[in-house]
Amino acid sequence: MSDFASRLITAARTLGPLCVGIDPHAGRVPALFGGDTPDGLARWGEAIIAQVVGRAGIIKPQVGLFERLGPDGMRALQIVCEAARNAGLIVIADAKRGDIGSTAEGYARAYLGKAAPFPCDAVTVNPYMGIDTLEPFLSAAESNGKGVVVLTRTSNPGSADFQMQDMGGAPLYARVVEALQPAIQRLEGADGWSSLMLVAGATGPDEARKLRQLAPKCLFLVPGYGAQGSGAQDALAGFVRRGNHLEGGVVNTSRSVNFPDGAASAGNLAEWQSAIAQAIDAAQADLTALSGVAERSGTLAGN
């Protein structure tokens, strides 16, 4: 079993750094798949995955947008996660969990356990209740070859409310990374990258460069590219040169590849598939024009 960081960096080197979000916003799943119903979300998610294969190596389902439909919505999430892993894709569950003790243990088992009901390769977590809240996730990642993605400098406008506040000469997000150093080292993988990822929003390129200095071995999950307004240059600000390419994580986009122009008006499955494929190809091409890829014809590591 390979470590998460090695699997993720192999996927990015092979196909490019794009991570395709799967965000079924209310009212936006086409009637072609069943609309805003649990079955519709499952079928739509599986159809997105079919278009991702061969174009990108990583997906990121947004858990809250499945959870809003209750138990059947979570079953749809389960179907999407299983379909993605069966297709050889890396799955980052965007759940932003963060709690103490046995509660955190329950979340860790749900997403990173050996028999996790929502099988994924990594899960996003919120560290702001303290480092002890991360321990169950770190332990599960260590035991099962999984990853932990820690919110650090996020892409939303309100991120500055707390994350940028001065804490004795350094912003809070930097103090978080300082406290994470033992965990980063603990999850260091075969390729030299740690399976503890950091969220580094594309809307804060200067902070991403600072994070790279603070955590040279951490892969970054970069939201904020595309529909949130940031371009490829800002999204890749925290990446580093490795030979003929930049690497250092993955860049997520959701709305621009989930709901591109032409998808909503598609009259049949083939038209919808074409619109999605073109959107994914365009985003990946935009990112790889700056980052490059190390091995276009490589084979992705097994999950």
Side-chain angles (χ1 to χ4, degrees), residues 3-5 8 60-64 67 91-114 116-118 120-189 193-201 203-204 207-224 238 248-249 252:
D3 60 273
F4 166 74
L8 184 122
K60 184 178 71 65
Q62 175 50 256
V63 171
E67 191 171 335
V91 180
I92 300 174
D94 196 353
K96 298 181 177 70
R97 301 309 191 204
D99 212 324
I100 58 173
S102 58
T103 307
E105 177 69 28
Y107 286 138
R109 289 186 180 184
Y111 292 96
L112 304 180
K114 291 185 184 299
F118 308 107
C120 62
D121 297 277
V123 64
T124 57
V125 297
N126 189 329
Y128 290 98
M129 282 183 68
I131 296 299
D132 60 323
T133 66
L134 304 184
E135 179 54 39
F137 298 96
L138 298 172
S139 179
E142 197 171 33
S143 298
N144 302 325
K146 302 298 181 72
V148 182
V149 188
V150 181
L151 301 181
T152 311
R153 186 1 183 131
T154 57
S155 61
N156 58 301
S159 62
D161 292 348
F162 302 119
Q163 295 164 22
M164 298 293 291
Q165 291 299 306
D166 182 82
M167 299 288 290
L172 177 57
Y173 76 82
R175 296 302 188 200
V176 170
V177 175
E178 290 174 4
L180 289 172
Q181 291 301 321
I184 293 168
Q185 183 176 359
R186 174 178 166 186
L187 294 186
E188 184 176 341
W193 292 107
S194 178
S195 290
L196 189 148
M197 293 185 79
L198 304 177
V199 172
T203 53
E207 288 78 26
R209 285 185 279 267
K210 176 64 174 177
L211 283 171
R212 178 53 64 209
Q213 295 174 355
L214 293 170
K217 294 184 178 180
C218 280
L219 295 167
F220 290 174
L221 172 62
V222 183
N252 182 77

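Please read all numbers here as calculations on a predicted model, not as lab measurements.
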Tightest non-hydrogen contact, residues V63 and A93, listed as CG2-CB, 4.3 Å
Kindly give the heavy-atom pair with the smallest separation between Y173 and E207, and that separation in Å.
OH-CG, 3.4 Å
Here the pair of heavy atoms bringing A110 nearest to A116 is O-CB, 3.2 Å
Residue pair E67, K96: steps toward the salt bridge (charged side-chain N to carboxylate O under 4.0 Å, His left out) verdict
CA-CA 13 Å; E67 191 171 335; K96 298 181 177 70; over 6 Å; no
Where the side chain of T203 meets the backbone of S155, is there a donor-acceptor pair that is under 3.5 Å apart?
yes
Could you tell me if the side chain of T152 sits less than 4.5 Å from the side chain of Q163, heavy atoms only?
no
F162 atom CZ: more than 12 heavy-atom contacts under 6.0 Å:
no
Should Y128 and V176 be marked as a side chain to side chain contact (heavy atoms under 4.5 Å, CB included) after you check the CA-CA gap, both sets of side-chain angles, and the distance that decides it?
CA-CA 8 Å; Y128 290 98; V176 170; 3.8 Å; yes
Return the minimal non-hydrogen interatomic distance between A200 and L211, and the atom names on each side.
CB-CD1, 3.8 Å
Compare every heavy atom of Q213 with every heavy atom of P216, then report the nearest pair and how far apart it is.
CD-O, 3.7 Å
R212 side chain near F220 side chain, heavy-atom distance below 4.5 Å
yes
Going by distance alone, is a donor N or O of one side chain under 3.5 Å from an acceptor N or O of the other, for K114 and N144?
yes
Does E178 pair with R175 as a salt bridge, N-O distance under 4.0 Å?
yes
side-chain contact (heavy atoms from CB on, under 4.5 Å) partner of F137, chosen from L196, V149, V148
V148
Side chain to side chain contact (heavy atoms under 4.5 Å, CB included) for L198 and L214? Distances and angles first, verdict last.
CA-CA 11 Å; L198 304 177; L214 293 170; over 6 Å; no
Rounded to the nearest 0.5 angstrom, the CG-OG distance for D3 and S195 is 4.5 Å
Heavy atoms, side chains only, cut-off 4.5 Å: are P127 and T133 in contact?
no
With rounding to the nearest 0.5 angstrom, report the CG to OG1 distance, L221 to T154.
11.0 Å
Find the distance between CG (L138) and OG (S143) and round it off to the nearest 0.5 Å.
10.5 Å
With a 4.0 Å cut-off on N to O distance, would you call E135 and R186 a salt bridge?
yes
Around atom CD of Q185, are there more than 12 heavy atoms of other residues, nucleotides or ligands at under 6.0 Å?
no
Using a 4.5 Å cut-off on heavy atoms from C-beta on, say whether the side chain of D121 contacts that of L8.
no
Working to the nearest 0.5 angstrom, can you tell me the gap between D94 CG and N252 CG?
7.5 Å
Smallest heavy-atom separation, L112 atom then C120 atom, equals CD2-SG, 4.3 Å
Test side chain to side chain contact (heavy atoms under 4.5 Å, CB included) on M164 and S159; report intermediate values, then the result.
CA-CA 7 Å; M164 298 293 291; S159 62; 5.6 Å; no
Considering only distance and modelled atom types, tabulate donor-acceptor pairs under 3.5 Å from the side chains of residues 98-107, sequence neighbours left out.
residue	atom	partner	partner atom	Å
E105	OE2	R109	NE	3.0

Chi angles and distances behind the side chain to side chain contact (heavy atoms under 4.5 Å, CB included) call for K146, Y111:
CA-CA 10 Å; K146 302 298 181 72; Y111 292 96; over 6 Å; no
The reported gap from CZ in R97 to OG1 in T124 (rounded to nearest 0.5 angstrom) is 8.5 Å
